Amino acid sequence: MTMTLTAPSRSPLARLRWAFTDGWTITRRDLTHWANQPVQFVVNLLFSVMVLLMFGFLFGGAMSVPGGGGYQDFLVPGVLALTMVFGVEATFTAVSTDAQRGVTDRFRSLPMAPSAVVLGRCTADLLNAVLTLAALVVAGLLMGWRWHNGFAAALAAFGLLLLLRLAMLWLGIYLGLVTRSPEAVMALQILVWPLGFLSNAFVAPSTMPGWLGTIAEWNPLSATAAATRELFGNPGWGGEGWLAQHPLLLALLWPAVLTAVFCPLAIRRYRNLSR
Amino acid sequence: MPAEEPAVLAENLRKRYGDTRALDGFDLTVAPGTVHGLLGPNGAGKTTAVRVLATLLRPDSGTARVAGFDVVRQAGQARYRLGLVGQHAAVDELLSGRQNLEMFGRLYHLSAADARRRAGELLERFRLAGTGGKPVTQYSGGMRRRLDLAAGLILAPPVLFLDEPTTGLDPRARNEVWDAVRRLAASGTTVLLTTQYLEEADQLADRVSVIDHGRAIAEGTPDELKHRLGADRIDVVLHSLADLPAASALLARIAGAEAETDPDRRLVSVPVRDRMAALGELVPALASAGITAEDVALRRPTLDEVFLHLTAEQKEAVA
């Protein structure tokens, strides 16, 4: 058998190159999943579109936006942010399935760059998030939603959404490495719903009972939803408190805090697999 | 690698989880080109040992080398020379067999063309060429295992670790895996194989280490071990419980060893050296003594008996 084997290289530059090459191999694995299961992939994309349509058309008529204006202008940024939070489930499922099946162990027994597993996961999940956002934006535009502050501000809003998704990625990786039972997948699938709905995604927290409203205001999802509403020039929920007045700052701060907590935890957990 | 260097070497490995000593001074030497069986019950430390040797787990103390490379300090080099096939079929269910092998090939840093060619070769060799394009979800248990084996062999590593490769497989799939392991061994690969089954070790291994409580308590060829463990056994199930003492005395006399009895099952059991001669003598002797047997069976010692025997030896040695 003749094979050109690349000898393990110690130079930092070569290591960095392998981290990206191996990371791309892992990313391509997810892209191949999508290509192998096109129906599943489209259904996943359409799920968030369905949430948008359901709330826009079924409940939209009964909703009134605090500052006035159409409900879809309030709703679309909310669903965009909600979808980013729901993404934690996809990351979690992928990571815990690999750990349970022994695929993670196989990766760890290969001479590949250890960081590539995480890098590949991040790239694939962020690509998926971009595609999901695109599907939602198209559906939103068809429903009559518009952004009013120009393209640059809209781009910034999408940036904030992806930042939230990135924060959720670390949470998902950490949880996926900690809990390995199939039951945990179910539990998380159920738990993301209250997490997503206890926010300003669909209604203003001021319409909720006091303590629930407070939780909803503090929800990281609410910060991103409020900030993107501001950037898109869509109506917000018009709260009076400090939280409501500084959505942009919070939409940067929350993902930063989540990443600062769960990124090191996830990395430590991955390293501790060899303990 | 010098010729004298063992393919796998473990010296005094220790690994604790809380109060549990998963490895407690584990030693192992595997000569290049041989199949070595690691035999032990659940929780004996087999998997922990393999995970340390495959660079997945750091030992608390002790050293281990694979193909001459330290598994902790030179893990990178060791990983280019070892293949691991764990207890689960560690392949991506949503990819096809070919896509799995190409992905793992790329992660072994083969070029795209080499990874593709190697995937084709391995699918052919493990008789998966016809189904290589189908997603793994459609594979049978035996096919998954073969794909798993193939993935462990992408670099044709000199050392292959197989952790309970046939657990949960039906007999047909088990034979397929055994065939694959035999062919690997014939091609010169060093194989370290863990198993709970004496028969599996007997079928495949040149040498066997028996592991219990995190250390190797016996080592030798399967034949050597079986001799040490007492040979085959004859079991007699009696028709009438009243015959138990008489049958017990009769079997003890023929076998020249003490018989064990189990009144609940009306069973008398005795170890024998020359199985056929003992059986030939036993059946007429039972008849002339007027003892009716419902069943007479010759059998190998079970793993339980192996362990009872070996651990009893250990305790004696300590005492």
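Side-chain atoms are counted along with the backbone in the values below, which use heavy atoms only and exclude waters and symmetry mates. Chain A is the first sequence line, chain B the second, and so forth, proteins listed ahead of strands; every chain is numbered from 1. The model shown is predicted, which means the values in this text are computed figures rather than measured ones.
When heavy atoms are compared at a cutoff of 4.5 Å, A/Leu273 approaches chain B solely by way of its backbone atoms N, CA, C and O. Heavy atoms closer than 4.5 Å to chain B are found in the backbone of A/Gln100, but not in its side chain. Proximity to chain A involves both the backbone and the side chain of B/Ala151, based on heavy atoms less than 4.5 angstrom apart. Neither the backbone nor the side chain of B/Val52 comes within contact range of chain A; no heavy atoms are under 4.5 Å apart. With a threshold of 4.5 angstrom between heavy atoms, B/Tyr17 approaches chain A through side-chain atoms but not through N, CA, C or O.
With respect to chain A, the highest number of heavy-atom pairs below 4.5 Å among B/Leu56, B/Asp148, B/Leu95, B/Val85 belongs to B/Leu56. For chain B, the option among A/Arg106, A/Met112, A/Arg101 with the highest count of heavy-atom pairs below 4.5 Å is A/Arg106.
By the 30° and 60° cut-offs, the orientation of the rings of A/Trp18 relative to B/His109 is parallel. Between A/Phe55 and A/Phe197, the ring-plane angle classifies as tilted under the 30° and 60° cut-offs. Between A/Tyr174 and A/Phe262, the angle of the ring planes lies from 30° to 60°, which puts this pair in the tilted group.
With hydrogens and angles left out, the side-chain atoms of A/Ser109 and A/Asp105 include no donor and acceptor closer than 3.5 Å. Side-chain contact of B/Thr194 with B/Asp163: a donor-acceptor pair under 3.5 Å is present, judged by distance alone.
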Practice problem: Go through the steps for B/Arg215 and B/Asp24 under the test salt bridge (charged side-chain N to carboxylate O under 4.0 Å, His left out), then give the verdict. | Solution: CA-CA 6 Å; B/Arg215 67 170 69 187; B/Asp24 192 14; 3.6 Å; yes
